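Following: one structure in structure tokens, then a few remarks.
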Amino acid sequence: MYFPQYRPRRMRQSETLRSLVRENRLHPDSFVYPMFAIHGKDVRNPVASMPGVFQFSINHLVDEAREVAQLGVKSVILFGIPEQKDEAASGAYDPEGIVQMATRALKQELPELTVMADVCLCEYMSHGHCGVVQGDRVLNDVSLELLANAAVSLAHAGIDVVAPSDMMDGRVGAIRSALDQEGHTELPIMSYSTKYASAFYGPFRDAAESPPAFGDRRSYQMDPANSDEGVREALIDIEEGADVVMVKPALPYLDLIYRLKTETRYPVAAYNVSGEYAMVKAAAERGWIDEKAVVLETLLGIKRAGADIIITYHAKDAARWLAEESST
Ligand code: PBG
């Protein structure tokens, strides 16, 4: 019988050999943990469709973030649930807005933690769209001013990174120039450059209380059928000043993660979104999958595709499991 000279199984014989030729490794340094801040005192509302995820009032948010940091996850990204929503998304750029207050509290209590904020209007708009609405249209250019105001107000509150997720055209440029004008030239922008109109955001909209009251987001988020356009979106954002580009969701779009990495050579973030998390949690609860193995394989897959940064609700668990593995 003929055998080729190369037998790939030779280097798979032992864990030591396998680890010598291992091409990718997961490390909590890559993780960003999403958190939801809500007004009130002593609030800790579980999100039904996302077991393990809560809406936290600021005191609990700080405690949770401390635990996150102790596990080795050094960054969080904040979302806010405002007290009131209106047609101008005032809560998004209110100096006393929920994310502004949460940012100040976190930076005061945990100065080493990197605090990022999602910059969008949907959580703060009564109609739940990511921009200003006129009739049934979501207007682009007037929305830019509000987004820029939100970014500047978060900068004043001490945020470490702003992450625009609204998908309006030109928002990275608008935010960059507003930040620069206010002297925040060193504040990085992580742009949700390549964000699809996805059914996988369902559980998040429960958590952030931000489903659109009418229609859907397909006039601004991307068509899941397109990949060249996803690369183009990233290139445009880089030209406008993005420091990091992002693919969202992660799993159905691993090809985009790979393309953004190879075609932009910029840092790439991937958002392992709420629906992806909910599916794993639901199957694990029923005993249908091994949660730890599935989560670590999933995150490794996202990394292998080319992501430098992985935003994931699994971050705490994954960091704990990775620490256990490295100590055995
Ligand atoms: C805000 C925003 C959304 C997510 C992140 N930022 C929701 C949306 O676009 O509808 C989704 C995150 C997730 O599903 O985990 N626009």
Side-chain angles (χ1 to χ4, degrees), residues 31-37 47-55 76-82 85 89 91-92 98-99 116-125 127-133 138 140 143-144 146-147 150-151 154 161-168 171-172 175 189-224 233 244-253 269-282 295 298-299 302 307 309-316:
F31 299 160
V32 178
Y33 187 60
M35 303 184 78
F36 300 91
V47 179
S49 49
M50 300 175 74
V53 175
F54 299 81
Q55 298 174 330
V76 299
I77 183 162
L78 299 179
F79 299 89
I81 299 110
K85 304 183 188 233
I98 183 66
V99 175
M116 310 183 172
D118 185 88
V119 174
C120 196
L121 305 177
C122 59
E123 292 120 88
Y124 306 93
M125 286 288 200
H127 47 65
H129 277 290
C130 304
V132 174
V133 162
V138 177
N140 196 88
S143 303
L144 299 184
L146 304 187
L147 290 162
L154 291 162
V161 175
V162 288
S165 69
D166 51 282
M167 288 302 276
M168 298 300 123
R171 91 274 207 204
V172 173
I175 289 172
I189 299 176
M190 176 170 75
S191 172
Y192 287 70
S193 59
T194 306
K195 174 172 176 180
Y196 288 86
S198 169
F200 285 89
Y201 308 150
F204 171 93
R205 291 175 191 170
D206 295 341
E209 301 180 7
S210 66
F214 63 89
D216 53 43
R217 303 207 201 286
R218 283 184 290 180
S219 78
Y220 42 103
Q221 298 180 348
M222 279 187 56
D223 183 341
E233 280 278 13
V244 178
V245 289
M246 194 195 300
V247 176
K248 173 175 174 220
L251 295 180
Y253 303 93
Y271 200 137
N272 177 217
V273 301
S274 58
E276 300 174 292
Y277 176 81
M279 291 193 303
V280 171
K281 294 302 268 192
V295 167
T298 298
L299 298 178
I302 294 170
I309 299 170
I310 305 175
I311 304 168
T312 179
Y313 305 95
H314 296 295
K316 280 173 61 189

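In each ligand, atom 1 is the first atom listed, and ligand 1 is the first ligand listed. Values in this document were obtained by computation on a predicted structure and should not be read as measured data.
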Using the salt bridge (Lys or Arg N to Asp or Glu O under 4.0 Å) criterion, which residues pair with Arg218? Sequence neighbours excluded.
Asp216

Contacts satisfying side chain to side chain donor-acceptor pair (under 3.5 Å) that involve residues 195-204 (not counting sequence neighbours) are none

Should the ring pair Phe36 and Tyr313 be called parallel, tilted or perpendicular, given that the plane angle runs from 0 to 90° and is split at 30 and 60?
parallel

Ser274 OG to Lys281 NZ distance, which is reported to the nearest 0.5 Å
14.0 Å

What residues come within 4.0 Å of ligand 1, counting heavy atoms only?
Phe79, Asp118, Cys120, Cys122, Cys130, Ser165, Lys195, Phe200, Tyr201, Phe204, Arg205, Arg217, Gln221, Lys248, Tyr271, Val273, Ser274, Tyr313

Rounded to the nearest 0.5 Å, what's the gap from CD1 on Ile189 to CD1 on Ile175? Could you check?
6.0 Å

List for me each residue that meets salt bridge (Lys or Arg N to Asp or Glu O under 4.0 Å) alongside Asp118, sequence neighbours excluded, and say none if there are none.
none

